[in-house]
Amino acid sequence: MKNKTRDDVLRLVMEEDVEFIRLQFTDMLGQLKNIAITANQLDKALDNQCMFDGSAIDGFVGIEESDMFLYPDFSTLEIFPWRPQQGKVARMICDIYRPDGTPFDGDPRLVLKRAIRDAEEMGYTFEVGPECEFFLFDTDENALPTTMTREQAGYFDMGPLDYGENARRDIVMALEDMGLIIEASHHEIAPAQHEIDFRYDEALKTADNIMTFKLAVRTIAKRHGLHATFMPKPKFGVNGSGMHINMSLHRDGKNIFEDQNDPNGLSQEAYYFIGGIMKHIKGMAAITNQLVNSYKRLVPGYAAPVYIAWSTANRSPLIRIPANQGDNARIELRSPDSAANPYLTLAVCLKAGLDGILNKIEPPECVNCNIYTMTDEERKALKIENLPGTLIDAVDELKKDSFILEVLGKHVAERYIAQKEKEWQQYRAQVTAWELEEYLYRY
């Protein structure tokens, strides 16, 4: 049931013997939070009377304005299939409001809702299909995570080479029980790396699904004695984990990115959308790739984009146009990683693309050869620029892009930048194992 009413929620909780309800929300850094209530407190929750201390959440508010309220989205009620079948546990995803009844401008879900509203005013629906990658690592004798794995499986390998096959199967079954439509799952290129793709949907539903996906993956992996991580680059020398985002705009049920008379099958609006993404991608990078570790993935040689270009024929550029699309015409942005906050990421992607449409921003010529093998001079001749190389470079680009700052809103932008600058300074102060190995003996 897509649109549930208050009565629907109450009836389902009673009929399904739900005893606990988790009221979930996502913080600025993409971490899932929750308050658990019992079924006898459900009326209070449905009346938007569940309060929490916003000052305890990164990027929210100070102690002088700490009271926040959770407003459940009834349509997100789902039962956790991995919890007991007597006294079941369900969840609802919540929006965050201030005591005066106004939406909290630091809520990432609100940032995406604003972007969706702007698209709707232009007559568009934003459809998104993510490709989420992750690692399943062994745990130690204390059940703590490691980066160790006993397998050496590669792309599309299967059991017995793929040690995570059973865990991945159970993850898929749990996700389907929670209403996600899983299109494919498989082993990825690196040992212990996996990908599960779920069906595209409208942007807010997709962002909610990504958060549900991460929770299910971690939970089911733990039941198999494994640790699931969405860290972009947990191991040197192998591919990192991305979250490629496939995007299209629809009007009156029709995909407006499609044009069968175009050599690439793309409409003029699709080209403008690409132009907008490419114009703002440097300013977006601190959102789509939010960790110090994110930029260890964005290096040549590991199937991740480094250069700002688009292509219809290969996977080295930032943006890829999949072949033979027809009604499924879409744009695949390949830079985001699995640690990104999906609400903020989809918001900046949508608004950058809309900026391209509104201002008729033409993208550069498509590049259908392997950019990795080009010389610096060849890339310079084609005016191919690089993505930011470090988190602080990305933050500096964000600070220069007034458009993306406006998409985030003053509250989120200021606190997000402050948090990322703090993260960079903490990283700079560390002495790494590489430095010790490289310098301790020599100097």
Side-chain angles (χ1 to χ4, degrees), residues 28-30 59 105-106 108 110-116 118-119 126 128 203 207 232 242-245 247 271-295 297-299 304-310 317-319 331-337 339-364 379 383-424:
M28 183 182 69
L29 300 179
D105 50 4
L110 176 65
V111 175
L112 178 55
K113 282 186 167 184
R114 287 200 305 253
I116 292 169
D118 291 344
F126 187 40
V128 184
M243 185 176 66
H244 300 174
I245 299 176
M247 301 174 281
Y271 286 114
Y272 290 151
F273 198 94
I274 293 171
I277 293 280
M278 293 181 70
K279 174 184 176 181
H280 293 291
I281 192 62
K282 289 185 179 181
M284 294 162 52
I287 304 299
T288 60
N289 307 90
Q290 69 154 328
L291 305 180
V292 165
N293 182 256
S294 296
Y295 298 86
R297 167 180 167 259
L298 300 178
V299 296
V306 178
Y307 306 108
I308 302 173
W310 70 282
L318 170 74
I319 292 174
I331 293 165
E332 179 187 352
L333 181 64
R334 302 180 64 254
S335 58
D337 60 52
N341 183 323
Y343 300 102
L344 300 182
T345 295
L346 297 190
V348 297
C349 286
L350 172 56
K351 287 291 289 182
L354 293 179
D355 185 47
I357 292 174
L358 283 168
N359 292 294
K360 297 181 167 54
I361 301 172
E362 291 280 0
R379 286 191 290 269
K383 298 181 180 179
I384 297 174
E385 298 184 62
N386 288 23
L387 289 169
T390 66
L391 177 61
I392 197 61
D393 292 339
V395 170
D396 289 341
E397 292 291 345
L398 172 58
K399 289 160 72 173
K400 291 188 291 187
D401 194 325
S402 58
F403 179 84
I404 298 299
L405 292 175
E406 185 178 349
V407 173
L408 298 175
K410 186 173 186 292
H411 182 102
V412 171
E414 288 180 353
R415 284 161 175 79
Y416 191 90
I417 288 170
Q419 179 66 34
K420 293 302 158 184
E421 288 178 335
K422 177 182 176 183
E423 182 178 339
W424 177 255

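Sequence positions, counted from 1, serve as the residue numbers for this chain. If you're wondering where the values come from, they're calculated on a predicted model, not measured in any experiment.
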Kindly indicate, with the supporting measurements, whether the criterion side chain to side chain contact (heavy atoms under 4.5 Å, CB included) is fulfilled by Leu29 and Gln290.
CA-CA 8 Å; Leu29 300 179; Gln290 69 154 328; 3.8 Å; yes

Give the intermediate values and the outcome of side chain to side chain contact (heavy atoms under 4.5 Å, CB included) for residues Val395 and Glu421.
CA-CA 7 Å; Val395 170; Glu421 288 178 335; 4.0 Å; yes

Dump the intermediate steps for side chain to side chain contact (heavy atoms under 4.5 Å, CB included) on Leu408 and Leu398, then the final yes or no.
CA-CA 11 Å; Leu408 298 175; Leu398 172 58; 4.2 Å; yes

Let's go through Ile361 and Met278 carefully: what are the C-alpha distance in whole Å and the side-chain angles of both, what is the deciding distance for side chain to side chain contact (heavy atoms under 4.5 Å, CB included) to 0.1 Å, and is it a yes or a no?
CA-CA 9 Å; Ile361 301 172; Met278 293 181 70; over 6 Å; no

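The minimum heavy-atom distance linking Ala347 with Leu112 is given by the pair N-CD1, 3.7 Å. For Gly106 against Val412, the heavy-atom pair with the smallest separation is CA-CG2, 3.8 Å. Between Tyr416 and Ala286, the closest heavy-atom pair is OH-O, 2.6 Å. Contact between Leu387 and Ser335 at its shortest, heavy atoms only, is CD1-CB, 4.2 Å. Between Val299 and Val306, the shortest heavy-atom distance links the atoms C-CG2, 3.5 Å.
Taking CG from Leu358 and OH from Tyr272, the interatomic distance works out to 11.5 Å, rounded to the nearest 0.5 Å. To the nearest 0.5 angstrom, Glu397 atom CD is 11.5 Å from Ile392 atom CD1. Expressed to the nearest 0.5 Å, how far CG of Asn289 lies from OG1 of Thr390 amounts to 12.0 Å. Atom NE2 of His411 is separated from atom CE of Met28 by 8.0 Å, given to the nearest 0.5 angstrom. Between Met243 atom CE and Leu333 atom CG the span is 9.5 Å, to the nearest 0.5 Å. Summarising the geometry, atom CG belonging to Asp401 is positioned 13.0 Å from atom CG belonging to Asp396; distances are rounded to the nearest 0.5 Å.
The backbone N or O of Leu291 sits less than 3.5 Å from a side-chain atom of Ser294, completing a donor-acceptor pair. A distance-only check finds a donor-acceptor pair linking the side chain of Asp337 to the backbone of Ala339 [under 3.5 Å]. Side-chain atoms of Lys282 never come within 3.5 Å of backbone atoms of Pro388 as a donor-acceptor pair (strictly under, hydrogens ignored). In this structure, Glu423 contributes its side chain and Val292 its backbone to a donor-acceptor pair below 3.5 Å.
Applying the ring-ring contact (aromatic ring centres under 6.0 Å, His included) test to Tyr271 and every residue at least two apart in sequence or in another chain returns Trp310.
Only one option out of Ile281, Ile274, Ile308 pairs with Ile319 in a side-chain contact (heavy atoms from CB on, under 4.5 Å); it is Ile274. Each of Ile116, Thr288, Val111, Ile245 was evaluated against Leu346; a single residue qualifies, Ile245, per the side-chain contact (heavy atoms from CB on, under 4.5 Å) test.
Sorted by first and then second residue, the pairs that involve residues 341-358 and meet salt bridge (Lys or Arg N to Asp or Glu O under 4.0 Å), not counting sequence neighbours, are Asp118-Lys351, Lys279-Asp355.
Summarising the local packing, CD of Glu362 is surrounded by more than 12 heavy atoms from other residues, nucleotides or ligands at distances under 6.0 Å.
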